[in-house]
Amino acid sequence: MLNPDRFISDLHSLRQFGASGIGNGVVRPAYSEADIAARRWLANQMADAGLRVEVDPMGNLFGLSEGPSLLLGSHSDSQPEGGWLDGALGVVAALEIARASRAAGGPPISVVSFQDEEGRFGVTTGSAVWSGNLTQSAADALTDHQGIPLRDARNAIAEMVTGTVDPSHFSGFLEMHIEQGPTLDTKNERIGVVTEIVGIRDVKVTFKGEQNHAGTTPMHLRRDAFQAVSAFNTLLNDRLRNVVTPTTVWTIGHINLHPNASSIVPGQASFSMQWRDGDADRLNRMEKIIRETAAEIAEKNAMELSFGPLLGLEPVEMDPKLQASLVEAAEAVVPGHWRKMPSGALHDATNVARLMPVGMVFVPSINGISHAFEEDTSEADLVAGLQVLARAAGVHPVGSSPVG
């Protein structure tokens, strides 16, 4: 039988690896000391649960049952300033369900914690490589914002690597996650059954102008790279207006100015350009507008323009049978307090869908906050999510009803 107290305790134990000291905040980027320590702890928990521990060359951590099984899990790395539940919830829930099922003689359950879901080096990098959506050599060439290549960063996990893990071991994949948005919280609903995950595109853009003195260079003679970014952002927002929907999003989330000094006109600006939507054609139309707008700004401001590699994933629909199992489980655990909904955030399930049927379940995020130290979910909702996931995985009984 599921042990909700052990489940909550394990969540708090995992939070200690990279704990920020501010609320429930966590700083556990992929391949950091905290990330490696967390993976070692998780590996020990998997082994204690009777699972065979395997770690692939990317650092994806698996706890394997004997024979074919359903795979449950998520990721345990965090954003540079993240919360305690993002990804970790799905991994710890999977561990608890695997324990309970094994103890009760239930169906075989395997567990995974994928590496670099949060994109220190790319877009859901660990599951992208495991699924074949990205080659290891292409992944190794990716760099983080400090210029560190992934091939060097993953040396930190080398001692744990056991070899590749064959996806044919698994019959399907279920992932539990916090919603990371306000819908469930504002609607007073406790479970979201995911219908599809949006697609994403991500590219680095660089404007190169001319570095010069900030006090003596007349404004009309400047080739200011940051002014090019500002003009690009304004024009892009206007041009996308008639292409996007209310659920489409786009973000300039990271910018690097060179030489980044207060008395120097910046000669170069590199920035991340990311956009998300549930329609692949719209994503492609947005890319065309982004590239054309950047080229126009570069020409107008006498800039050199370059683009990095385009990273991304296509929109993915959840498997109908797994989705139906989650719906049935949600109605049993929280009758009338659940909904079907799309995911605006990206998840490892997108990559895994290349290999096998996938399904996802959400629990509420208090005030819709995630990717922040303030991220949180009530214990009652965490336990409700655990019970829904267990029922959908065929693990019975699930224990007492959640509080609330």
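Remember, predicted model here, so these are calculated numbers, not experimental data. In what follows, every heavy atom counts, from backbone to side chain, and hydrogens, waters and symmetry copies are set aside.
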Would you call [X] and [Y] a side-chain contact if the rule is heavy atoms closer than 4.5 Å?
X      : Y      : value
Pro57  : Gln136 : yes
Asn24  : Phe373 : no
Ile109 : Arg102 : no
Thr125 : Leu150 : yes
Phe271 : Lys204 : no
Leu305 : Thr206 : no
Glu96  : Leu386 : yes

(request) Evaluate the ring pair (Phe, Tyr, Trp, His ring centres under 6.0 Å) criterion for residues Phe114 and His347: first the C-alpha distance (whole Å), next the side-chain angles of each, then the deciding distance (0.1 Å), finally the verdict. (result) CA-CA 10 Å; Phe114 287 113; His347 300 286; over 10 Å; no
(request) Dump the intermediate steps for salt bridge (Lys or Arg N to Asp or Glu O under 4.0 Å) on Asp144 and Arg120, then the final yes or no. (result) CA-CA 6 Å; Asp144 67 5; Arg120 176 183 170 188; 2.9 Å; yes
For [X] and [Y], which I'm curious about, is there any donor-acceptor pair between the side chains at under 3.5 Å?
X      : Y      : result
Gln274 : Thr251 : no
Gln323 : Asp319 : no
Asp381 : Ser378 : yes
Glu117 : Thr124 : no
Glu179 : Ser365 : no
Ser270 : Asn256 : no
Asp202 : Trp275 : no

Backbone N or O of [Y] within a donor-acceptor pair of the [X] side chain at under 3.5 Å?
X      : Y      : value
Thr377 : Pro364 : yes
Glu81  : His371 : no
Ser101 : Pro108 : no
Asn233 : Val229 : no

(request) Nearest 0.5 Å please: distance from the CD1 atom of Ile97 over to the CZ atom of Arg391. (result) 12.0 Å
(request) Would you give the length of the straight line joining atom CE of Met46 to atom CZ of Arg39, rounded to the nearest 0.5 angstrom? (result) 9.0 Å
(request) Show your working on side-chain hydrogen bond (donor to acceptor under 3.5 Å, both in side chains) between Trp250 and Asn237 and close with a plain yes or no. (result) CA-CA 9 Å; Trp250 60 98; Asn237 288 344; 2.7 Å; yes
Students often mix this up, so state it plainly: with edges at 30° and 60°, are the rings of [X] and [Y] parallel, tilted or perpendicular?
X      : Y      : result
Tyr31  : Phe121 : perpendicular
Phe207 : Phe232 : perpendicular
Trp130 : Phe62  : tilted

For atom [atom1] of [X], is the number of surrounding heavy atoms from other residues, nucleotides or ligands below 6.0 Å larger than 12?
X      : atom1 : answer
Glu328 : CD    : no
His337 : NE2   : no
Asp166 : CG    : yes
Glu379 : CD    : no
Arg222 : CZ    : yes

(request) Check each of Asn60, Asp86, Asp116, Asp348 against His75 using the side-chain hydrogen bond (donor to acceptor under 3.5 Å, both in side chains) test, and report the only one that passes. (result) Asp86
(message) Run Asn301 and Arg223 through side-chain hydrogen bond (donor to acceptor under 3.5 Å, both in side chains) and show every step you take.
(response) CA-CA 6 Å; Asn301 293 275; Arg223 295 168 58 205; over 6 Å; no
(message) Show, in sequence, the C-alpha distance, side-chain angles and deciding distance for Asp56 and Gln115, and conclude whether the side-chain hydrogen bond (donor to acceptor under 3.5 Å, both in side chains) test is met.
(response) CA-CA 10 Å; Asp56 75 6; Gln115 181 59 290; over 6 Å; no
(request) Start with the C-alpha distance between Arg285 and Asp281, add both sets of side-chain angles, then the distance that settles salt bridge (Lys or Arg N to Asp or Glu O under 4.0 Å), and finish with yes or no. (result) CA-CA 6 Å; Arg285 293 201 303 273; Asp281 288 339; 5.4 Å; no
(request) Could you go through the salt bridge (Lys or Arg N to Asp or Glu O under 4.0 Å) check for Lys288 and Glu292 one step at a time? (result) CA-CA 6 Å; Lys288 185 173 185 292; Glu292 289 176 349; 2.5 Å; yes
(message) Here's a test for you: under side-chain contact (heavy atoms from CB on, under 4.5 Å), which of Met273, Met286, Arg276, Glu314 qualifies with Arg201?
(response) Glu314
(message) Could you check whether Arg291 makes a cation-pi contact with Phe307, meaning its NZ or CZ is under 6.0 Å from the centre of the six-membered ring and within 45° of the ring axis?
(response) yes
